[in-house]
2 protein chains.
Amino acid sequence: MANLRDVAEQAGVHTSTASRALDPDHSQMVGAKTRARVVQAAEELGYRANQVARGLRKGRTGAIGVVIADMGNPFLPPIIRGMAGSLRELGMIALVAETEDDPGVLEKALLDLLDRKVDAIITTAVHLTDRPLITEINKTIPVVLAVRTFLDGSFHAVTHDDALGGAMAARHLCSLGHTRLAELSGPDDVSSFVGRSRGAKSAIDESDQPVTHRVAVGTHPTTAEGHRLMTEILEQGFVPTAVFAHNDLMAVGAIDALGQAGLSCPGDVSVVGYNDSPMTDRLNPPLTTVRFASYEIGSRAAKLAGSLLDDPDQPVASYSLTPDFVERASTARLAD
Amino acid sequence: MANLRDVAEQAGVHTSTASRALDPDHSQMVGAKTRARVVQAAEELGYRANQVARGLRKGRTGAIGVVIADMGNPFLPPIIRGMAGSLRELGMIALVAETEDDPGVLEKALLDLLDRKVDAIITTAVHLTDRPLITEINKTIPVVLAVRTFLDGSFHAVTHDDALGGAMAARHLCSLGHTRLAELSGPDDVSSFVGRSRGAKSAIDESDQPVTHRVAVGTHPTTAEGHRLMTEILEQGFVPTAVFAHNDLMAVGAIDALGQAGLSCPGDVSVVGYNDSPMTDRLNPPLTTVRFASYEIGSRAAKLAGSLLDDPDQPVASYSLTPDFVERASTARLAD
DNA sequence: TTGAAAGCGCTACCAA
DNA sequence: TTGGTAGCGCTTTCAA
């Protein structure tokens, strides 16, 4: 592999001149003829700049650390695509780490990324308890929170309005006449689920009829956990006519559990999910759910991270997108 | 941020000694008391080694380039998880790039990863025409092909038996009595789809009854493309009783197109997909499909890449996993 | 066992 | 406009 010195020698110039000639930002400081010679030499030798060396010297690697909780959650890919798309436009690349939603792993992953000198971090994996850790990291490099945030606006964040989404879900169920409602929550130390719960609660409180409301809190927002929580509720003797699951995976698990208990959806029980993950429109039954612009969240988060590199002191702000409610066939009016 | 020199100063030793003391492979060359002093200094200062500097010096970054075609394809996440899991065990990390299945983008992505001095490349995105490019890259760093390969065993590869999978799909449809069969193929310059086609063809040739077989080749293995191809076939006046789609997304698109043409699945037309992507068991109808151990493919590919770093000249070999056929409700016996 | 020195490949400062 | 020099932070030879 040819390095800069080889190019410089072949062109008969000093490495510093070669460096300038090949750097778009400085090539104007080089005589046209010299530049041409350098460029030609570089081409002949198939020169490509060593980004590790450059990163060491410049203190900038052009890499962004992306930390996600669980690759197995189908709502993530569109978000990651959004990030990858914007990063590519910026000439940057993603270093991806997965935490399995374990705070210990999160810390390890973040430190590893810092050691690798990523220019910024984007993460969709924070728990509320991670605030001190993130505060610490943010002293070193910019951190952008995506999807999940802390409940005040103390970090750069790109999210959507979870409370509104939760309210939409509960309001919908109430408007269909349901008054026995189960809520399957994700971990209650994650902003998304806290927001959805609050939204649901306020919608229920504002409902015309009195609503019996039972909340079960899970440790992971997965199908298995949805199944477990739903089963648990039924075994406790609470038979709801409507279920609000905090994400689509939990909704699917809940529908399974209902089926095993001899209850059909939406015949006996209406179920609302969350995220509008790919394929939820083709499930049996097609899932009523809450949608937000996930590609957009990823893309915005990446752009924000990029802009923080040039202007680290820009005012802290949260973008919060407005969700849509998507009514499908997993919810129905309460039969009398 | 404290660097090694700070640690060395604080411990009252030379940086080279500090380096050795902190490196598990060399710490035995350092006196126990000195080592203890260095370790303590490192802890006090919160020292963390700069991996960029280390990478430059050692010529090894501990990063693996992972190049995938399309994050939007739901069969990929399990594979990526498999990779990420094994890489983490190896203390490595993934640099992820997406190609959108465009060979031009693939080349850019690979060169970018080389410039960043990844230690090896794993890619699931090759087309048959990319062979010269991959050959070139492979002269510099180890390349592991996952899922997609070239048709001879000229590179390290971790795949599954596509021909067998394709044969399973076609054999199943034939055994249900179908004799008018449409095949919706992915791009025919991709080994997976070539293999599936060949397998299907040989199964059809071996069938008891004569089978009318129509193949449509798509440019991308997506829902939209499945829909387009299916519509095209119907508009050409070919009405099959069974469809083999080369992946689940295309199968879903085909089912949509059939529905729009007034044909039901499996009532009028049986449809087989491929990949057993997450959630396909919950689609309406649940999709008959071909499964392979996707997490395992990712995990093995990562381990292989890791082992190639220590032993680059190990014999070239292909692991080919054996697929399973998964019969669900999207296929049915031909009604007389 | 430790220290000294060199250098991975690059950029940026300072002179000329 | 160009060259020289220094140094990003680390590891690794070579001597002592």
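Within every chain, numbering begins at 1; the chains are lettered A, B, ... in the order of the sequence lines, protein sequences first and strands thereafter. Bear in mind the structure is a predicted one, so any value in this text is a computation, not a measurement.
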If I take atom CD in residue B/Glu9 and atom C1' in nucleotide D/dG9, what distance separates them, rounded to the nearest angstrom? 14 Å
Rounded to the nearest angstrom, tell me the gap between atom CG in A/Asp23 and atom P in C/dC10. 13 Å
Looking only at N and O atoms, is any donor in the side chain of B/Arg20 or the base of C/dG3 less than 3.5 Å from an acceptor on the other one? yes
Evaluate the salt bridge (Lys or Arg N to Asp or Glu O under 4.0 Å) criterion for residues A/Arg60 and A/Asp310: first the C-alpha distance (whole Å), next the side-chain angles of each, then the deciding distance (0.1 Å), finally the verdict. CA-CA 11 Å; A/Arg60 267 228 203 175; A/Asp310 301 324; 3.3 Å; yes
Taking only side-chain N and O atoms of A/Thr17, does any of them lie within less than 4.0 angstrom of OP1 or OP2 on D/dG3? yes
Answer yes when B/Asp101 and B/Arg148 have at least one side-chain N-carboxylate O distance shorter than 4.0 Å, and no when they do not. yes
Taking all non-hydrogen atoms of both residues into account, name the closest pair between B/Ala2 and B/Tyr47 and its distance. O-CD1, 3.5 Å
Can you tell me which residue among B/Asn138, B/Val126, B/Asp130, B/Ile121 is in a side-chain contact (heavy atoms from CB on, under 4.5 Å) with B/Leu145? B/Val126
Measure from NE2 on B/His14 to P on D/dA15 and round the result to the nearest Å. 17 Å
Please confirm whether the shortest side-chain N or O distance from B/Ser19 to OP1 or OP2 of D/dT11 is below 4.0 Å. yes
Does the side chain of A/His26 get closer than 4.0 angstrom to OP1 or OP2 of C/dA12 through an N or O atom? yes
Using a heavy-atom cut-off of 4.0 Å across all strands, would you classify A/Val52 as base, sugar-phosphate, or nothing? nothing
What is the distance, rounded to the nearest whole Å, between atom CG of B/Leu56 and atom P of D/dC10? 12 Å
Quick check on D/dT2: is either OP1 or OP2 less than 4.0 Å from any side-chain nitrogen or oxygen of A/Thr34? yes
Take atom CZ of B/Arg5 and atom P of D/dC8, then tell me their distance rounded to the nearest Å. 6 Å
Please give, in whole Å, the distance from D/dT2 C1' to A/Lys33 NZ? 16 Å
Whole angstrom is fine here: how far is it from CG in B/Asn50 over to C1' in C/dG9? 15 Å
In terms of side-chain geometry, is the basic nitrogen of A/Arg131 or A/Asp152 positioned less than 4.0 Å from the acidic oxygen of its partner? yes
Separation of C/dC8 atom P from A/Leu4 atom CG, nearest Å, is 13 Å
Could you check A/Ala32 against B/Arg57 and say which one's nearest nucleotide on DNA chain D is further toward the 5' end? A/Ala32
N or O in side chain of B/Arg54 less than 4.0 angstrom from D/dG9 OP1/OP2: no
